[in-house]
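Quick notes on the structure that follows.
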Amino acid sequence: MRSNYSMLIMSWASKSNCNQRAGRVGRVANGHVYRLIPKLKFSDLEDHESPEMSRCSLSRVVLMSKMLDMGTPKELLASALDPPCLTNIILAIRTLKQVGALLPTVNGVNSSMDGDITYMGKVMAQLPLEPPMSKLIYFGYIFNILNEAIIMACGLSIKSIFSQPFNQRLDAYTQKLTWANYSCSDPIAYIGAYQSWLESKPEFDQNRNVERSLASKNYIQLSAMRELYDLINDVSNRLSRHFGIVVNSGKIKWIKPEVKAMADKLILAGSFYPNYFIRGTSNAYMDEHEVLKTLNEHDPYRTVYLTGFPKDQPKQLYKEAIESLFPQQFFGKPTAYFCTSNKVYVEFPMSNISNRTSNNGNNNQYGEQESQLVPGDISYGVYVALKMRKLNFNFKIPLLKPSDAKEKVELITQQMAAQEITQKDVLPIQHCILEEIESNNRATVVTVTYFESVDRFWAQLMDEKHSSILIKLWKFVNNEISLIKTSKNDLEIGDIYIVIYQEEKYRGKLMESLCGPKKEYKFLLIDFGETVQLCIENIFNIKDEDMKNKVYSFLKLAFQCKIAKIRAPIKGQLKDYWSEETRTIVIDKLFKKVEGTIYSIVGGVVSFEDLTFIDDEETISISVYLIKNKLATRAEESFASKIDHEKRLEHIGCVKNKMHQKSNVSCLNIKSPTTDESFTIHNLKGPFSPLEMSVRGISRNSTSKIIKIECQSVNSVLLDSEPNDYNERYNPSYTKIIGAICGLGYNPDTYSPLFEGNDIEITFDTVIDLNFLNKINIIRKLLNKCINPDDVEGLGNIFQIQHSLQMSLIHIFSQPTKFKGPEPYTRTYMWSGIPKSKQQSPYHEHSLVNHPMAGSDVYKLLWGTNLSQKMSATECKNLMFKLNKIKRLEECLSFNNFTSKQCLEELKCPLCDLMFSSTVSILKHFTNYQHSEWYKLTKEELQFHYTGPSQDIKNL
C-alpha cells in the first residue's frame with residue numbers, strides 16, 4: 001500500500017468492468033472495441049474488482065456505520081453484498097474502543113459488540129486517516145500542540161518524505177538524525193523537516209532549482225513532501241469545516257521547550273498503545289565489568305571494536321588504514337588501539353553535535369544549527385560506525401605478506417632511530433595545568449572562572465604559584481607582544497591565536513567557523529574557559545617568533561569541570577535540566593574559593609568529588625546541599641570516569657602525578673600500505689559495541705515476537721545511553737503498590753479480559769502511592785471531558801481544560817522520582833485480583849459506579865486499595881533473607897579477594913534479581929547507587945514492619 005490514508009489512486013480495471021464498458025459500444029449501432037493493452041496483460045487482469053468494503057480500513061467502515069445510526073455495526077455490515085468476517089468486526093470494535101472512538105457502553109449498558117460513538121470518534125470518521133493517527137491529532141488539539149500533531153500523523157500516514165539513495169544511505173541517516181534533533185524520534189524528524197521546507201516554500205515557488213538542490217542536499221523526496229503538504233491542508237480544512245478546530249488558535253502556550261517536548265512524547269505514547277517496547281531480556285542489565293573487559297577498559301561511550309585482525313601481522317603498520325575506514329567529516333578523526341587479541345578498538349572524539357546548518361541560516365525549534373543529535377553522552381561517531389555495519393559497509397584493509405610487513409616495520413623503526421625522528425613535540429600550551437599537581441589524593445583548591453551548568457564549568461588552580469603565573473601571563477599578553485592581523489585562509493581549527501574580547505587580549509583556541517550572514521568564529525579562551533564568537537578583525541597572530549614561543553610556553557590555566565556523582569533531577573523532560581534555582585545557588589557558592597578531591601579526569605573534564613565551599617563562617621558540600629534540597633539526585637559516574645578513578649587510587653601518594661604521562665608517550669606513525677602495494681585484502685568484522693541493545697514488546701501478543709526496527713528509522717542503531725540504570729499490582733500483604741495490568745478492561749460478570757492480546761503487565765521500578773493515583777485520575781477526568789463532552793456540539797471553549805491539563809502534567813512530572821526495586825508478581829495478566837473489601841473507590845460515597853469497570857467513561861478512573869499498615873511475617877522473612885544473602889555475599893567475596901578460596905555462593909543479587917558472571921561484576925553492582933538506594937529503602941521498610949529482635953536489622 002502506498003499510504004495509510006484514504007485517497008483515490010490509479011489502478012487496473014477488472015475484466016468484468018472492461019466487458020461492461022464494451023456493452024456501451026453497441027447501444028445505437030454496431031461497433032468495435034479496441035483495448036490499448038497487450039492481450040497477455042488483459043488475461044492477467046482480475047476477473048472481478050474487489051468490493052470497496054474489503055479494500056478500506058474496517059475500523060473506518062465501522063465508524064462510518066456508527067455515524068449512519070442505523071443499528072449495530074454487526075447488523076448493518078451483515079446486510080452488505082460482501083459482508084466482512086464477524087471476527088474482524090468484533091476486533092475492529094474492540095480496537096475503536098481502545099483508541100476512544102467508541103464508548104464501552106450503549107445507552108449506559110455495557111456491550112461487547114457495540115458502543116456509542118464519542119465526539120473524538122466523530123472527528124476520526126471525518127479524517128482520511130487510520131484511527132490511531134486521528135487520535136494523535138485530537139490529542140494534539142487537547143494539549144495545544146495541534147500543528148505538530150497534524151505533521152506527525154500525516155507524515156506517518158504517507159510514504160516517507162526522507163530519501164535513501166543507495167550510495168548515500170549513511171549521509172541520509174545522519175541528516176535524519178539532524179532533523180530528529182536529539183529526540184531519536186521518527187515522528188519528530190517529520191516536524192523538523194516539514195517546518196524547514198514550509199518556511200522556505202515562498203522562495204521555492206519562485207525558484208524550483210533551489211528547492212531541488214536543497215532537497216537533494218537534505219535527503220528529502222519532494223514528491224512526498226508535496227503530498228504531505230496537501231494532506232496536512234486537507235486534514236486542517238476538515239477539522240475547521242466540520243468541528244471549528246483551527247491550528248494555532250489555543251490561548252495556552254508551552255513556554256519551556258523541554259515541557260513541550262514532554263507533551264509531544266505524551267501524545268505519541270497515548271496514540272500508539274499497545275505498541276510499547278522495552279529493553280530486551282538479553283541486555284536488560286549492562287554488566288559493567290564485562291563491558292570494560294570487552295573493550296579492554298576503553299570508554300564504551302566513545303569506542304567500538306572490530307574483530308578478525310590477523311595475529312601474524314604487526315598491528316601498528318595498519319593503524320592509519322583502520323582509522324581511514326570511518327568518514328571523518330561527521331565526527332573528526334578516530335584513533336585505533338590494539339591489544340594482544342585479534343580485536344581492534346576504535347575511539348571517536350567525544351562529540352554528538354551537528355555541524356549542519358538550516359536552509360535559511362537560522363535556528364528553529366526542531367532543528368538545525370549546533371543541535372545535539374543523539375541522547376546521552378555517547379559519541380556521535382559510535383552511532384555512525386554501527387550504522388555502517390548495518391548498511392553492510394566493507395571494512396577492508398590492504399595487507400602485506402606477514403614477513404614483508406614485519407621487515408617494513410623493523411626497517412622504518414631503525415631509520416627513525418638513526419635519523420633521531422621522534423614524535424612531534426607537544427607545546428606546553430597544549431598541556432593542562434593539572435599535570436603539575438603532585439599528588440592524586442590531595443584536596444585541590446580552585447576558583448571558578450566561567451559557569452554554564454553544574455556539570456559544565458571552568459576553573460583555575462587557586463594558590464600563590466598559579467596566581468602569579470596568571471598575572472605574569474596577563475601582563476605579557478596585553479602589554480609586551482606585537483600582533484599582526486590574520487586572514488580567513490590562514491585560520492585552522494584547533495590552533496591558538498591572540499584574540500581581543502571586550503577590549504582585552506586573550507589566548508584563544510579556534511573551535512569552529514560559524515555560518516551566517518556575519519562571518520564569525522567560535523573561540524575558547526583557554527585560560528578562563530569562556531566561549532566567544534568573534535569577527536576576523538579581532539583575531540591576531542604574534543609577530544615575533546620568540547615572543548610567540550614565550551606565550552606558548554605557558555600551560556592552559558583553565559580546565560573544564562563538573563561535580564561528580566550527581567545529576568539534575570528527572571522531571572519527565574526531554575533531557576536532564578538544571579533549574580534556574582540550582583544555577584543561582586551554585587553560582588553564588590562556586591564563584592568564590594572552593595576545594596575538592598579530583599575523582600577523575602576524562603577527555604580533559606575534571607570531575608570533583610565533595611566540592612566544598614570555603615568560608616570563615618561555614619563549610620558546605622555543594623553536592624550534599626543540592627541533594628538535601630531536592631535540586632539534584634545521586635547518579636553513577638560513567639564507565640570511563642570509574643576507570644580513571646580506579647587508576648588514580650593505584651597512584652595515591654605518588655610524588656608526581658603519573659596519570660598525565662600518557663600524553664608524553666611517543667608512538668610510531670607509520671604510513672599503511674596502499675591497495676597497489678598489498679599482497680591481499682582483508683575484511684574485518686564489525687564494528688560492535690557492548691551498548692547495543694534489542695527491544696521486546698510488552699503487550700501479551702508481542703512478548704514472544706521478534707521485534708525488528710526498520711533500517712530507515714533513526715532508531716535503527718539503538719544504544720543504551722544510561723547503562724548504569726536498571727530499567728497496578730499489590731504485594732500479598734497489601735502494604736504497597738508494586739505493578740499494574742493495563743488494557744481495555746474485563747467483563748465484570750466473568751472477569752475475563754475484553755481485549756486479551758493487548759493487555760500489558762508492568763512492574764513498577766518507582767514508588768507509586770495513592771496520592772500519585774489521585775493525580776493521574778485528575779488527568780483521566782479531564783481527558784474524558786475532551787473525548788466525549790456533555791455538549792454534543794463539541795468542547796466549546798477548551799481553554800480551561802487545556803490550562804488544567806498543562807498544570808496537572810507539569811505538577812506530576814516535576815515531582816522527584818523515588819526509585820525502588822522491582823518486585824515480581826506471580827499471577828500475571830489477571831484482572832480484578834484485588835478483593836472487593838480492599839478496593840478503594842475514586843468516586844464519592846453515593847456514586848452509582850460500584851466497581852472498576854462500571855460507567856461509560858473511556859478512561860476509567862483508577863481504583864486504589866486500602867493498604868495494610870503491617871507487612872506479613874512471611875514477607876518480612878523473605879526480605880530478611882534477601883538482605884542477609886547480600887551481606888553474606890559481600891563479606892564472602894571481599895574475603896576471597898585476599899585468599900585463593902573460591903566463593904561457592906550463587907552470583908546473584910536477590911534484591912535486584914540480576915545474575916552476574918564474575919565476582920568483580922557483582923561487587924561493582926553492590927556499589928551501584930541504585931542498588932544502594934534500594935538496599936537502604938528495603939532495610940528501612942523492614943525496620944518498620946519487622947516485629948522480631950531489633951538486633952537482626954542492625955546486623956544487616
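Computed from heavy atoms alone, side chains included, the values below leave out hydrogens, waters and symmetry copies.
- In this structure, the side chains of Pro128 and Leu231 come closer than 4.5 Å at one or more pairs of heavy atoms.
- No more than 12 heavy atoms of other residues, nucleotides or ligands sit less than 6.0 Å from atom CD1 of Ile706.
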Original post:
Between Tyr173 and Tyr383, does a ring pair (Phe, Tyr, Trp, His ring centres under 6.0 Å) hold up when you go through it step by step?
Top reply: CA-CA 10 Å; Tyr173 167 76; Tyr383 279 87; 7.7 Å; no

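- Put simply, the side chain of Val123 does not reach to within 4.5 Å of the side chain of Tyr141, judged on heavy atoms.
- Residues satisfying the ring-ring contact (aromatic ring centres under 6.0 Å, His included) test with Tyr276, not counting sequence neighbours, are Tyr273.
- Between Pro852 and Gln839 the shortest side-chain heavy-atom distance falls below 4.5 Å.
- Checked by atom type, the side-chain pair Ser713/Ser716 shows no donor-acceptor distance below 3.5 Å.
- Annotation: side chain of Met124 is not in contact with side chain of Tyr119 (no heavy-atom distance under 4.5 Å).
- Heavy atoms from other residues, nucleotides or ligands lying under 6.0 Å from CE of Met113 number more than 12.
- Here the CG atom belonging to Leu744 is positioned 8.5 Å from the CZ atom belonging to Arg94, to the nearest 0.5 angstrom.
- Looking at Lys260 and Glu148, their side chains come closer than 4.5 Å, going by heavy atoms from C-beta outward.
- A heavy-atom distance below 4.5 Å is not found between the side chains of Met152 and Met133.
- With Glu761 contributing its side chain and Tyr829 its backbone, the two residues share a donor-acceptor pair below 3.5 Å.
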**OP:** Output, in order, the C-alpha distance, side-chain angles, deciding distance and verdict of side chain to side chain contact (heavy atoms under 4.5 Å, CB included) for Ile698 and Phe277.
**Re:** CA-CA 6 Å; Ile698 58 173; Phe277 305 91; over 6 Å; no

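- Scanning all heavy atoms of the two residues, the minimum distance from Asn777 to Pro842 falls at ND2-CB, 3.7 Å.
- Annotation for Gly155 and Leu228: closest pair N-CD1, 3.5 Å, computed over non-hydrogen atoms.
- Taking the charged nitrogens against the carboxylate oxygens, Arg60 and Glu130 have no contact shorter than 4.0 Å, which rules out a salt bridge.
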**OP:** Check the pair Tyr859, Ile787 against side chain to side chain contact (heavy atoms under 4.5 Å, CB included), reporting the backbone distance first and the verdict last.
**Re:** CA-CA 9 Å; Tyr859 292 107; Ile787 290 172; 3.1 Å; yes

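- Going from atom SG of Cys85 over to atom CG of Leu77 covers 12.0 Å, rounded to the nearest 0.5 Å.
- In summary, the side chains of Thr938 and Lys882 do not present any donor paired with an acceptor at a separation below 3.5 Å, with no hydrogens or angles considered.
- Thr865 approaches Gln840 most closely through the heavy-atom pair N-CB, 3.9 Å.
- Ionic pairing of Arg238 and Asp234 is present here: one or more N-O contacts between side-chain nitrogen and carboxylate oxygen are shorter than 4.0 angstrom.
- Among all heavy-atom pairs drawn from Ala224 and Ile158, the shortest one is O-CD1, 3.5 Å.
- When the shell of 6.0 Å around CD of Glu46 is examined, it contains 12 or fewer heavy atoms from other residues, nucleotides or ligands.
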Subject >> side chain to side chain contact (heavy atoms under 4.5 Å, CB included) between Lys390 and Cys711, worked out >> reply: CA-CA 8 Å; Lys390 290 180 179 289; Cys711 63; over 6 Å; no

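- Of the inter-residue distances, the one linking Leu58 atom CG with Leu96 atom CG reads 8.5 Å to the nearest 0.5 angstrom.
- With hydrogens and angles disregarded, no donor-acceptor distance shorter than 3.5 Å links the side chain of Ser702 to the backbone of Lys705.
- Residues forming a salt bridge (Lys or Arg N to Asp or Glu O under 4.0 Å) with Lys135 (at least two apart in sequence, or on another chain): none.
- In this structure, the separation between OG on Ser65 and CE on Met70 is 10.0 Å, given to the nearest 0.5 Å.
- Using modelled atom types, one side-chain atom of Ser841 and one backbone atom of Tyr843 make a donor-acceptor pair closer than 3.5 Å.
- The backbone N or O of Val235 sits nowhere less than 3.5 Å from a side-chain atom of Gln126 that would complete a donor-acceptor pair.
- A donor-acceptor distance shorter than 3.5 angstrom exists from the side chain of Lys97 to the backbone of Asp114, with no hydrogens or angles considered.
- Applying the side chain to side chain contact (heavy atoms under 4.5 Å, CB included) test to Asn392 and every residue at least two apart in sequence or in another chain returns nothing.
- Panel note: side chain Asn715, backbone Leu718; no donor-acceptor pair is recorded below 3.5 Å.
- For Lys74, the NZ atom sits in a loose shell: 12 or fewer heavy atoms of surrounding residues, nucleotides or ligands are nearer than 6.0 Å.
- Remark: side-chain polar atoms of Ser699 are not paired, donor with acceptor, to backbone N or O of Ile760 under 3.5 angstrom.
- Taking all atoms of both residues into account, the shortest heavy-atom contact from Pro73 to Lys66 is CG-CD, 3.8 Å.
- Applying the 6.0 Å contact sphere to OH of Tyr751 captures no more than 12 heavy atoms from other residues, nucleotides or ligands.
- Applying side-chain contact (heavy atoms from CB on, under 4.5 Å) to Val858 and the options Thr118, Leu783, Asn788 leaves one that passes, Thr118.
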Subject >> Chi angles and distances behind the side chain to side chain contact (heavy atoms under 4.5 Å, CB included) call for Ile812, Ile776 >> reply: CA-CA 8 Å; Ile812 286 178; Ile776 295 295; 3.9 Å; yes

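- Residues Gln221 and Ser160 share a closest heavy-atom pair of NE2-O, 2.8 Å.
- Ser271 places no side-chain N or O within 3.5 Å of a backbone atom of Leu268 that could act as its donor or acceptor partner.
- Applying the salt bridge (Lys or Arg N to Asp or Glu O under 4.0 Å) test to Asp857 and every residue at least two apart in sequence or in another chain returns nothing.
- Checked options Asn747, Asn110, Leu754; the residue passing with Met853 is Leu754 (criterion: side-chain contact (heavy atoms from CB on, under 4.5 Å)).
- Counting heavy atoms from C-beta outward, Leu127 and Leu239 have side chains that approach closer than 4.5 Å.
- A distance of 9.5 Å separates CD1 in Ile150 from OH in Tyr194, rounded to the nearest 0.5 Å.
- Lys860 contributes no side-chain N or O that, together with a main-chain N or O of Gly745, makes up a donor-acceptor pair within less than 3.5 Å.
- For the pair Leu809 and Phe143, the minimum side-chain heavy-atom distance is below 4.5 Å.
- Partners of Glu756 under the salt bridge (Lys or Arg N to Asp or Glu O under 4.0 Å) rule, at least two apart in sequence or in another chain, are Arg700.
- When the ring-ring contact (aromatic ring centres under 6.0 Å, His included) test is applied to Tyr190, the partners found at least two apart in sequence or on another chain are Phe162.
- To the nearest 0.5 angstrom, Ile779 atom CD1 is 12.0 Å from Asn784 atom CG.
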